[in-house]
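Following: one structure in structure tokens, then a few remarks.
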Amino acid sequence: VNPGAATRRMAERLSGSSRQQLVLRGGIGLGTLGVFVVILLTGGTVSLFWTSLVVLAAVVTMLIPHDFAPLVLLGALAWVWAISVPDLSSPSVILVAALLFGIHVLCALTSYGPPEMVLDTVLLRTWLRRGGLAVAAAAVVWMASWLVSEVDAPGSDWVRVVALGLVLVWTALLTARLLRRHP
Amino acid sequence: VSEVVSGGERRVSEGWRPGPALVRAGLISTVLSAVAVTFGQPALLVLAAPFLLHTVVGLVRRPRRAPVRSSWLDHTSLREGEGTRLTTRLDGIAGAEHAVVALTRTPWTAYQPPSATRGTAVGPGRDVVEVPIALASRRWGRRSTGAGVVAATSEWAAYQWGPHRLDERMLTTLPMPGRFDSAAPVPHPIGLVGNHPARRTGDGSEFASIRPFTPGDRLRRVQWRVSLRTGDLHVTSTVAEEDSSVLLLLDSGTELGESGGIGGKASSLDVAVRAAGAIAEHYLHTGDRVGLRVLGATSGRAVPLGGGNRQLRRLLDTLARVEPGRYGKVDPSRMRLHVGAGTVVVVLSPMLSDQSVASTRMLAGRGLTVVVVDTLPPDLSFAEPRRQIAWRMRLLEREAMLRRVEHSGVPVVTWRGPGTLDEVLRGLGRRARAPRLVAR
């Protein structure tokens, strides 16, 4: 692969991007910035190393949102948030979940077709509703975890083993589904 | 989609496959859940929840069967500047929420949308979707509408189908004939009925003479005033009107200048093709027979003399298939045009090759009436000084060639639309009445 030619080809493709596509890609950067703002507002501090890494991942994601870069960006943002915030169980976690899912959705929207394409407003509205549903799910999980913490039940290894078993079953099921050949 | 369009060919399965959004959501939800459970951090489950929801719904709403694609053009033949629509249809699209078609943009074709890419949302419960892309051809010729690909995405962007190639569709664009009109008669009308005044007298509308009555003359031709004065019956005779044959000889050996399509700059071949179309249309509408020969081509690019609307269509269709520099050199002495005496041969050429000059002189030597229409664009120039000097030298050589052509009795006129041929045709008509020496 010739890096120069690949860069030129990518630049050519991006130069013809529609305005909507540019807005969607810009939204990825804004979402990343939003996570940092939440971290700082909740009393967290971010190291320069992690900031640089996340910014690099964000830039690459804005350029190639349909590849593996978004996975790296989302993983890095979740990691940075987890190691920077003093209280993980604060309600701000719902906001972070919304921002991460928002970045994920923006990447999905930019991958529907070539950069020149303009998406229907019907589709954008559908994704807005889905985003609301996903954030609601996050809020429900947070409320459940808050209720459990309020009950202050003693920790149980059996519960942890069952939960890990569920995660393993889910992983196996997901792997089988993703690797299956579909008609 | 764009990777396939830009030439990076890759193998794509025919069915639905998990898209990057589903893979991403699945991986993130799994990893976050595992870490949350292992380290007892329920906050990470909150982060995982939206991705888990996306993964589960995406898997559940997986499309059950692959769509079947087809595409067609509303019209396969257009005039320059006219538009049509390329429609791509996907059958069995149930379960998908978005379909996209992307075409590779080709020169001289305008697309709507201009990116030649159109996506459309597939409504819930719909099993068929059609994605139209409007396109207009801006230059004559036979071209592909562009390689295209089609892709679809399932609900929640979970599964992707394609991108798959669309069959290329060929679009024939007939030249839009330039404006042309001629008031001059063709020098040698040789047919039966037509609009050109012949040398003989007969039924017609143009006055020839008043002569004594002979048996067979019609009574309505009797010239009563002269008959009363002279005491003998006299009749008005008219010049017969006959049709003529025009052969268009198109030089497609070279193309000079840049073509900007209809409404833009015209190359030498643009001028030649549009002029040929205009001349053909004019003479066919006046009832003459017109034929076409592309210089150098032997078959497929020759239309024998004929008349009527169908002949015009054949001529325009042949003109649309002309390709610059396609045909090799041909020995002028071996050229067989299959035209009779009296046919007017109109050579449309920038007169830059020895071959076209030799062919023209050979035709004139055979006794045919030949007119050269110079199709060289007047504003042709080059930015690079060396090329500009070389071009000026070429023009000097061309002037010498044109002089040789004119010395052999062939008039050369620059194409300027209506009236281009009037003066030379009148001159040739006068010359036709004088005796001359020809080589056979």
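Note that this is a predicted model, so its numbers are computed, not measured. Chain letters run A, B, ... following the sequence lines, proteins first, then strands; residues in each count from 1.
Under the 3.5 Å distance criterion, the side-chain polar atoms of A/Asp120 are matched with a main-chain donor or acceptor of B/Ala121.
For the set A/Trp142, A/Trp81, A/Trp127, A/Phe68, the count of heavy-atom pairs under 4.5 angstrom toward chain B peaks at A/Trp127. Ranked by heavy-atom pairs under 4.5 Å with chain A, the list B/Leu52, B/Val46, B/Thr120 is led by B/Val46. The candidate with the highest count of non-hydrogen atom pairs below 4.5 Å against chain A, out of B/Ala49, B/Pro50, B/Ala116, B/Ala152, is B/Pro50.
The minimum heavy-atom distance between B/Val56 and A/Trp170, with the atom names listed, is CG2-CH2, 3.8 Å. Minimum heavy-atom separation, A/Cys107 to B/Arg24: CB-NH2, 3.4 Å. B/Ala43 and A/Val93 get closest at one heavy-atom pair: O-CG2, 3.6 Å. Nearest heavy-atom pair across A/Pro114 and B/Val100 is CD-CG2, 4.2 Å. The two residues A/Ser111 and B/Gln160 make their nearest non-hydrogen contact at O-NE2, 4.0 Å. Counting all heavy atoms, side chain and backbone alike, A/Ala78 lies closest to B/Leu32 at CB-CD2, 4.4 Å.
B/Ala36 does not touch chain A: none of its heavy atoms, backbone or side chain, sits under 4.5 Å away. Contact of B/Leu53 with chain A is made through the side chain alone, with heavy-atom distances under 4.5 Å. Heavy atoms of A/Leu166 lying under 4.5 Å from chain B are absent altogether. For A/Pro91, no part sits under 4.5 Å from any heavy atom of chain B, backbone or side chain.
Here the CG atom belonging to A/Leu174 is positioned 6.5 Å from the OG atom belonging to B/Ser29, to the nearest 0.5 angstrom. The CG atom of B/Leu27 sits 9.5 Å away from the OG1 atom of A/Thr171 when rounded to the nearest 0.5 Å. Residue B/Leu44 holds its CG atom at 10.5 Å from OG of A/Ser145, rounded to the nearest 0.5 Å. The CZ atom of A/Phe101 sits 10.0 Å away from atom CD1 of B/Ile28, with the distance rounded to the nearest 0.5 Å. To the nearest 0.5 angstrom, A/Arg177 atom CZ is 10.5 Å from B/Leu22 atom CG. Distance check: A/Leu164 CG to B/Ser33 OG gives 10.5 Å after rounding to the nearest 0.5 Å.
A ring-centre distance under 6.0 Å is not found for B/Trp156 and A/His104.
More than 12 heavy atoms of other residues, nucleotides or ligands lie within 6.0 Å of CD in B/Glu130, so this atom counts as buried by the packing criterion. The number of heavy-atom neighbours closer than 6.0 Å to CE of A/Met143, taken from other residues, nucleotides and ligands shown, is 12 or below. For A/Trp79, the CH2 atom is loosely surrounded, since the number of other residues' heavy atoms within 6.0 Å does not exceed 12.
A/Glu116 is not listed as a side-chain neighbour of B/Arg118, based on a closest heavy-atom distance of 4.5 Å or more. Within the 4.5 Å cutoff, the side chain of B/Val57 has no heavy atoms near those of the A/Arg130 side chain.
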